[in-house]
Amino acid sequence: MYSLLIVDDEFYAVNGIKSGLDWSVMGFSAVYEAYDGAMAQEVIGNHTIDVMICDIEMPGSSGLELLEWVNERGHPIETIFLTCHSNFSYAQKALQLGSLNYLVKPVDFIELESIVVKALNNVVREQEASHVQKEYHKYLELWEARRPLMLERFWQELLDHRSRPADGWIDRELAGYGTELTKESRVFPVLVSIERWHKEIDTRDEEIMEYALRCAAKEIILAERPGIVFQDREGMIVILAYGGGGERTIRQWIADCEAFVQACVEYFFSTVTCYLGKETEVRQLGAMYGALQYAEQNNVRRNRQIVCYVEDASGQAGVTDALPDFYEWAELLEPGRIEPLRERVRDFFVRLEREAGLTVATLHAFYHGMLQMLHYLLHKKRTAAPRLQGGQLLDKDAVTRSILDLQAWAEQVLETYEEAIQSGQQDESPIDKAKRFIGEHLKEEVSREQIADHVFLNPGYLSRLFKKETGESLSDYILRERMALAQNALAYSDEPISKVARSLGYNSLSYFGKTFKRFHGMNPQDYRKSIDAGNGLFP
């Protein structure tokens with residue numbers, strides 16, 4: 001429903017218009033009156049007016065001045081003017097101010113009704129347009145708020161592609177998110193793995209701290225440069241610097257990553273490792289990302305906190321220059337192409353024979369790289385290879401005495417891998433292996449690194465995989481299992497609480513009590529009393 005305002009300094013003129021038409025039939029639910037400009041302004045200030053019928057000539061301020069006031073304040077009112085003079089200057093001014101029409105007194109009600117209906121049609125159109133505009137702005141604001149998240153999703157989808165995505169898809173997506181990037185744009189990738197937390201934190205606190213690390217990475221590593229920081233589906237922090245990071249050298253990247261690593265130790269109670277990639281085109285990013293993932297998953301023995309994919313990654317000059325690209329070998333071997341890889345291995349050792357200044361460090365590095373590649377593939381295929389995984393072929397000192405010994409070993413482990421794939425023997429998952437290892441060592445101070453070594457995985461990667469598959473952090477799981485063991489000991493033995501605590505590796509009885517209460521809602525003393533009282537709290 002709509003509202004009408006009639007403005008005229010003559011009382012009888014107002015009442016005549018008010019009673020001359022059935023305004024409710026036309027859709028008006030309220031008809032207001034005003035006898036001068038000031039009174040009209042007060043009515044407009046207190047009510048929403050859709051249509052105004054106004055006399056032009058009034059004492060004080062004219063109807064034209066009233067319409068100027070309405071326009072200045074942005075009131076969307078359709079105005080019809082009344083005048084005693086058919087003066088063209090009035091009509092011209094009224095049209096300039098946006099008046100719908102004007103009538104010469106005395107009013108012809110049939111003509112007035114026609115003009116009012118036209119005014120109402122304008123009101124409806126304006127309201128519809130205003131509604132559409134409001135909806136547009138609402139969704140525009142929502143889009144602007146969600147655009148960073150949608151852009152993150154694009155990068156995640158791009159990185160998840162096993163094969164190179166279509167160039168057209170990349171350009172369409174990037175254009176849709178309002179970026180200036182294209183498939184040929186260059187980006188510099190950095191992956192950050194959280195190796196361990198220096199304080200005991202639960203799963204929720206871990207998520208908060210991971211968010212804090214992403215913010216710190218954006219501030220310290222990306223700084224003011226264009227780019228994005230997000231968490232991939234595996235839980236790694238991904239940093240992409242648009243434009244390849246500008247004029248930054250690899251040494252500057254390493255310096256910034258070292259500053260970030262130090263900040264993580266000082267302010268976020270964590271140890272992280274940064275994996276620096278090579279500047280690459282957007283359409284080639286998936287392959288580079290896969291290589292960095294492979295480097296992280298197989299970084300079992302390195303203690304360095306900055307791993308540079310471009311330059312020397314082991315700290316030993318000349319070692320990595322002689323080594324093959326194990327990620328490329330893994331990509332070749334994964335679909336089961338054993339024979340082409342055998343040829344690559346033979347070619348590699350032919351080149352190795354010619355290598356000047358070859359040291360035993362290179363042979364050791366090849367040994368570890370080859371083993372980690374095969375463990376990586378066995379893990380992906382969930383395939384058991386007891387001879388590889390059980391230590392029968394892991395005599396490093398024996399196989400690295402010469403190039404010939406190492407080549408024979410490499411061919412042997414490839415045969416062992418091929419036999420395992422053909423046998424189809426399913427292996428226990430790394431998570432099940434980790435749980436079994438934890439169960440066997442609950443009464444010891446077992447570290448995350450020990451568990452990772454047992455399952456041949458990088459500690460950071462194991463932690464992310466464990467959380468992804470179980471929904472809780474590795475530390476939470478260990479604590480929960482220990483507290484279940486403590487609960488059982490308190491319920492079914494008469495051992496002193498201090499002895500129970502020490503048997504589970506807790507030297508501080510106070511800390512043991514706090515941890516027990518966190519999981520079971522009461523301290524060990526109260527729990528044992530409840531058991532003695534026969535409350536049946538133990539499941």
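Here the structure is a predicted model, which is why all the values come from computation and not from measurement. Keep in mind that the numbers below use all heavy atoms, side chains included, and drop hydrogens, waters and symmetry copies.
- Side chains of Asp232 and Tyr289 form a contact here, defined as non-hydrogen atoms less than 4.5 Å apart.
- From Ile431, atom CD1 reaches atom NZ of Lys468 across 10.5 Å, with rounding to the nearest 0.5 Å.
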Next item on the list: Please lay out, stage by stage, how Phe326 and Tyr294 fare under the test ring-ring contact (aromatic ring centres under 6.0 Å, His included).
Entry: CA-CA 9 Å; Phe326 285 112; Tyr294 178 82; 7.4 Å; no
Next item on the list: Check the pair Leu332 / Arg344 against side-chain contact (heavy atoms from CB on, under 4.5 Å), numbers first and verdict last.
Entry: CA-CA 10 Å; Leu332 187 66; Arg344 294 281 187 97; 4.1 Å; yes
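- Taking Arg401 as the reference, nothing meets the side-chain hydrogen bond (donor to acceptor under 3.5 Å, both in side chains) condition, with sequence neighbours excluded.
- Using a 4.5 Å cut-off on side-chain heavy atoms (C-beta onward), Pro189 and Leu285 make contact.
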Check: What do the steps show when you test Phe349 against Glu353 for side-chain contact (heavy atoms from CB on, under 4.5 Å), and what is the final call?
Finding: CA-CA 6 Å; Phe349 279 103; Glu353 286 280 5; 5.7 Å; no
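- With sequence neighbours excluded, the residues satisfying side-chain hydrogen bond (donor to acceptor under 3.5 Å, both in side chains) with Gln262 are Glu266.
- A heavy-atom distance below 4.5 Å is found between the side chains of Trp169 and Leu158.
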Next item on the list: Check step by step if side-chain contact (heavy atoms from CB on, under 4.5 Å) holds for Tyr275 and Gln293.
Entry: CA-CA 9 Å; Tyr275 296 82; Gln293 276 188 314; over 6 Å; no
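- The heavy-atom pair separating Thr179 from Leu174 by the smallest distance is OG1-O, 3.1 Å.
- For the 3.5 Å distance criterion, the side chains of His198 and Ser270 fail to qualify, holding no donor opposite an acceptor.
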Check: Taking it one step at a time, do Glu334 and Lys381 satisfy salt bridge (Lys or Arg N to Asp or Glu O under 4.0 Å)?
Finding: CA-CA 9 Å; Glu334 185 172 354; Lys381 293 177 179 294; 5.4 Å; no
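- Under the 4.5 Å side-chain criterion, counting only non-hydrogen atoms from C-beta, Met373 is in contact with Leu341.
- Counted within 6.0 Å of CZ on Phe519, heavy atoms from surrounding residues, nucleotides or ligands total more than 12; the atom is thus considered enclosed.
- By the 4.0 Å N-to-carboxylate-O rule, Glu481 lies too far from Lys435 to be salt-bridged with it.
- Under the 3.5 Å distance criterion, the side-chain polar atoms of Arg186 are matched with a main-chain donor or acceptor of Glu279.
- When side chains are defined from C-beta on, Thr400 does not count as touching Trp409, because their heavy atoms never get closer than 4.5 Å.
- Atoms CG and CD, from Leu414 and Glu418 in turn, are 8.5 Å apart once rounded to the nearest 0.5 Å.
- Atom CG of Leu462 is separated from atom CG of Asn458 by 8.5 Å, given to the nearest 0.5 angstrom.
- When side chains are defined from C-beta on, Arg233 does not count as touching Leu159, because their heavy atoms never get closer than 4.5 Å.
- Annotation: the span from Met150 atom CE to Trp155 atom CH2 amounts to 15.0 Å, rounded to 0.5 Å.
- In this structure a side-chain-to-backbone donor-acceptor pair under 3.5 Å is present from His520 to Met483.
- The two residues Ala486 and Leu504 have their closest heavy-atom pair at CB-CD1, 3.5 Å.
- Listed by chain and number, the residues in a side-chain hydrogen bond (donor to acceptor under 3.5 Å, both in side chains) with Arg464 are Ser193, Glu296 (sequence neighbours excluded).
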Side-chain donor-acceptor distances from residues 209-218 under 3.5 Å, at least two apart:
{"residue": "Glu210", "atom": "OE1", "partner": "Gln231", "partner atom": "NE2", "Å": "3.3"}
{"residue": "Arg214", "atom": "NH1", "partner": "Gln231", "partner atom": "OE1", "Å": "3.3"}

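- Between Met236 and Leu191 the shortest heavy-atom distance is CE-CB, 3.4 Å.
- Contact of the Phe437 side chain with the Val455 side chain is not registered, since no non-hydrogen atoms from C-beta on lie closer than 4.5 Å.
- Below 30°, between 30° and 60°, or above 60°: for Phe366 and Phe348 the angle between ring planes is below 30°, a parallel geometry.
- Under 3.5 Å, the side chains of Ser510 and Ser508 contain no donor-acceptor pair of N or O atoms.
- For the pair Cys274 and Val192, the tightest heavy-atom approach, listed with the atom from each and the gap, is SG-CG2, 4.1 Å.
- Taking the six-membered ring where tryptophan is involved, the planes of Phe516 and Phe512 are tilted, since the angle between them lies from 30° to 60°.
- The 12-atom threshold is exceeded at CD of Glu444, counting heavy atoms of other residues, nucleotides or ligands nearer than 6.0 Å.
- Side chain to side chain, Thr470 and Glu472 fail the donor-acceptor criterion of an N or O pair below 3.5 Å.
- With sequence neighbours left out, the salt bridge (Lys or Arg N to Asp or Glu O under 4.0 Å) criterion links Asp256 to Arg248.
- Between Glu411 and Arg342, no side-chain nitrogen of the basic residue sits less than 4.0 Å from a carboxylate oxygen of the acidic one, so the salt-bridge criterion is not met.
- Among all heavy-atom pairs drawn from Leu377 and Ala330, the shortest one is CD2-O, 3.9 Å.
- No side-chain donor-acceptor contact under 3.5 Å links Thr515 to the backbone of Gly513.
- The main-chain N or O of Asp171 is never found under 3.5 Å from a side-chain atom of Thr182 such that the two would form a donor-acceptor pair.
- Atom OG of Ser503 is separated from atom CG of Leu442 by 10.5 Å, given to the nearest 0.5 angstrom.
- Listed by chain and residue number, nothing satisfies the side-chain hydrogen bond (donor to acceptor under 3.5 Å, both in side chains) test with Glu219 (two or more places apart in sequence, or in another chain).
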Notebook entry, point to check: What do the steps show when you test Trp197 against Phe269 for ring-ring contact (aromatic ring centres under 6.0 Å, His included), and what is the final call?
Noted result: CA-CA 6 Å; Trp197 300 103; Phe269 316 109; 9.0 Å; no
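- When all heavy atoms are compared, the tightest approach of Ala263 to Ile220 is CB-CD1, 3.8 Å.
- The backbone N or O of Pro340 sits nowhere less than 3.5 Å from a side-chain atom of Glu343 that would complete a donor-acceptor pair.
- Between the side chain of Arg528 and the main chain of Leu490, a donor-acceptor pair closer than 3.5 Å is present.
- Note that the CD atom of Glu419 and the CD1 atom of Ile338 stand 10.5 Å from one another [nearest 0.5 Å].
- With hydrogens and angles ignored, the 3.5 Å screen pairs a side-chain donor or acceptor of Gln450 with a backbone N or O of Ser447.
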Notebook entry, point to check: Would Ile228 and Leu151 count as a side-chain contact (heavy atoms from CB on, under 4.5 Å) if you check the C-alpha gap in whole Å, the side-chain angles of each, and the deciding distance to 0.1 Å?
Noted result: CA-CA 9 Å; Ile228 190 170; Leu151 189 56; 4.3 Å; yes
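- Between Tyr527 and Ile497, the closest side-chain pair of non-hydrogen atoms is not below 4.5 Å.
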